[in-house]
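Each remark here refers to the structure printed beneath this line.
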Number of protein chains: 2
Amino acid sequence: MNKKVQSNSDETPYKWFWRALDDYLVKNSLKQTKQRKVIVQEFLAMNPHVDAEQLFERLRKMGYYFGLATVYRTLNLLKDANLVDQLAFSDGRSVFEVNTPDSHHDHLICTHCRKVVEFENEEIEKLQLKVAQHYGFSLESHRLDLFGRCPDCMPV
Amino acid sequence: MNKKVQSNSDETPYKWFWRALDDYLVKNSLKQTKQRKVIVQEFLAMNPHVDAEQLFERLRKMGYYFGLATVYRTLNLLKDANLVDQLAFSDGRSVFEVNTPDSHHDHLICTHCRKVVEFENEEIEKLQLKVAQHYGFSLESHRLDLFGRCPDCMPV
DNA sequence: ATCCATCTTCAAGTGAATTGCAAATAGAGT
DNA sequence: ACTCTATTTGCAATTCACTTGAAGATGGAT
Ligand SMILES: [Mn+2]
Ligand SMILES: [Mn+2]
Ligand SMILES: [Zn+2]
Ligand SMILES: [Zn+2]
């Protein structure tokens, strides 16, 4: 009783992701292994903000005993393909998220329950560009994290 | 021939820093050791954006063979005293900087030469507060890093 | 001068992430 | 379908920044 792994992808809104991944693999003479398919499939199912260890645990619970190194290598492959971003937190942990082209967001992070809320603010983006220009920098990317208490964690 | 270690402090613009540190030590029944004095003195001399390992090397070159653990413990003490901030970068490294009260800045970081430029932008700060409020978050702190090429590293 | 809580040192430990290498496998070429 | 080999996997060992345990040293209160 074989499990079908790829077929799901056509039912998710991630067609573009799978296509881009296939392209990347072909272009770089990389292989489409069972491990990669399952890891990517479960990565997408956990979206957004996936922790490598959590993804590893999920795979384990679903009966896929892949090595943790394989999970990391797959996530790094997706990063190299520019399909995911890695958000490194100051405590040394990091999470991965789908890098949606033509869209950008920053993060509000609850210092109490660690919940993460995404937001977009065009005004801030424009001001960032202005600042960079003022100092003669070309702006390649940025990282804006706002830390505070979420509504559920507000002290009375 | 003893070296004078503390006297320098009265000649620097960091009187307030030394006073605040002395206060903190006294209030918490902590001791003023030779190691702490020298480490803080050289930390201030390297300002801004001090890497723990670099500080350790500097001390070593000046003839102070303190343990790296002592350097880290002293920097953590300064953090606990709210006298320095730690900026953790995504590569796992981090730098420490004096936490100047009543002033705040963010960072422009050159992706080519790693130079760090500080900037302030009141408009961005205000917008951050607005975003947090919009999502019902209390805003405790934030981190904004802009990445790009500095003028010296601009491709022709 | 005594005393003891705090410190320093050095080595060992931590934890996320990477890497080396032998065995397995995808998939191109025949 | 079978071969061939570059790529991949699994597992253990390793790395890197940083922290911690423990035993002897020291600041500073009395
Ligand atoms: Mn996100
Ligand atoms: Mn700074
Ligand atoms: Zn919360
Ligand atoms: Zn530069």
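Letters A, B, ... are given to chains in the order of the sequence lines, protein chains preceding strands, and every chain is numbered from 1.
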Subject >> Interatomic distance where CG belongs to L55(A) and C1' belongs to dA16(C) [whole Å] >> reply: 15 Å

Original post:
Between dC7(C) atom C1' and K34(B) atom NZ, what is the distance in whole Å?
Top reply: 15 Å

Original post:
D91(B) has an atom CG; how far is it from atom P of dC16(D), in whole Å?
Top reply: 12 Å

Original post:
To the nearest angstrom, how far is Y72(A) atom OH from dA12(D) atom P?
Top reply: 17 Å

**OP:** Give the rounded distance in Å between these two atoms: CG of N76(B) and P of dA17(D).
**Re:** 16 Å

Original post:
Just checking, is any N or O donor in the side chain of T70(B) or Q35(B) under 3.5 Å from an acceptor N or O on the other one?
Top reply: no

Original post:
Checking all strands, does R93(B) fall into the base, sugar-phosphate, or nothing category for heavy-atom contacts under 4.0 angstrom?
Top reply: sugar-phosphate

Original post:
Does NE2 belonging to H105(A) count more than 12 external heavy atoms closer than 6.0 Å?
Top reply: yes

Original post:
Among the nucleotides dG27(C), dT8(C), dG28(D), which one has an atom lying closest to any side-chain atom of Q32(A)?
Top reply: dG27(C)

Original post:
Looking at the side chain of L30(A), which of dC21(C), dC18(D), dT8(D) is the nearest nucleotide?
Top reply: dT8(D)

Original post:
Start at the 5' end of DNA chain D and walk down; is the nucleotide closest to R73(B) or to V95(B) reached first?
Top reply: V95(B)

**OP:** For the pair Y14(B) and W16(B), name the ring-plane relationship: parallel under 30°, tilted 30 to 60°, perpendicular over 60°.
**Re:** tilted

Original post:
Does Q35(A) place a side-chain N or O at less than 4.0 Å from the phosphate oxygens OP1/OP2 of dA26(C)?
Top reply: no

Subject >> 5'-most by nearest nucleotide on DNA chain C - Y65(B) or F96(A) >> reply: Y65(B)

Original post:
Any side-chain N or O of T33(A) under 4.0 Å from OP1/OP2 of dT9(D)?
Top reply: yes

Subject >> I39(B) CD1 - dC7(C) P separation (whole Å) >> reply: 12 Å

Original post:
From dA17(C), dT8(C), dG10(D), pick the nucleotide closest to the side chain of T70(B)?
Top reply: dT8(C)

Subject >> Upstream residue (5' side of DNA chain D) when A69(B) and R36(A) are each assigned their closest nucleotide >> reply: R36(A)

**OP:** Give the rounded distance in Å between these two atoms: CZ of F56(B) and C1' of dT8(C).
**Re:** 13 Å

**OP:** Please say whether the positively charged group of R114(B), taken as NZ for Lys or CZ for Arg, lies over the ring of F147(B), i.e. under 6.0 angstrom from the six-membered ring centre and within 45 degrees of the axis.
**Re:** no

Original post:
Reckon S29(A) has a side-chain N or O less than 4.0 Å from the OP1 or OP2 of dT7(D)?
Top reply: no

Subject >> Rounded interatomic separation in angstrom, taking CZ from F66(B) and C1' from dA25(D) >> reply: 14 Å

**OP:** Give a yes or no on whether the backbone of K31(A) and the side-chain of R36(A) come within a donor-acceptor separation of less than 3.5 Å.
**Re:** yes

**OP:** Ignoring the backbone of K31(A), work out which of dG21(D), dG27(C), dT19(C) is nearest its side chain.
**Re:** dG27(C)

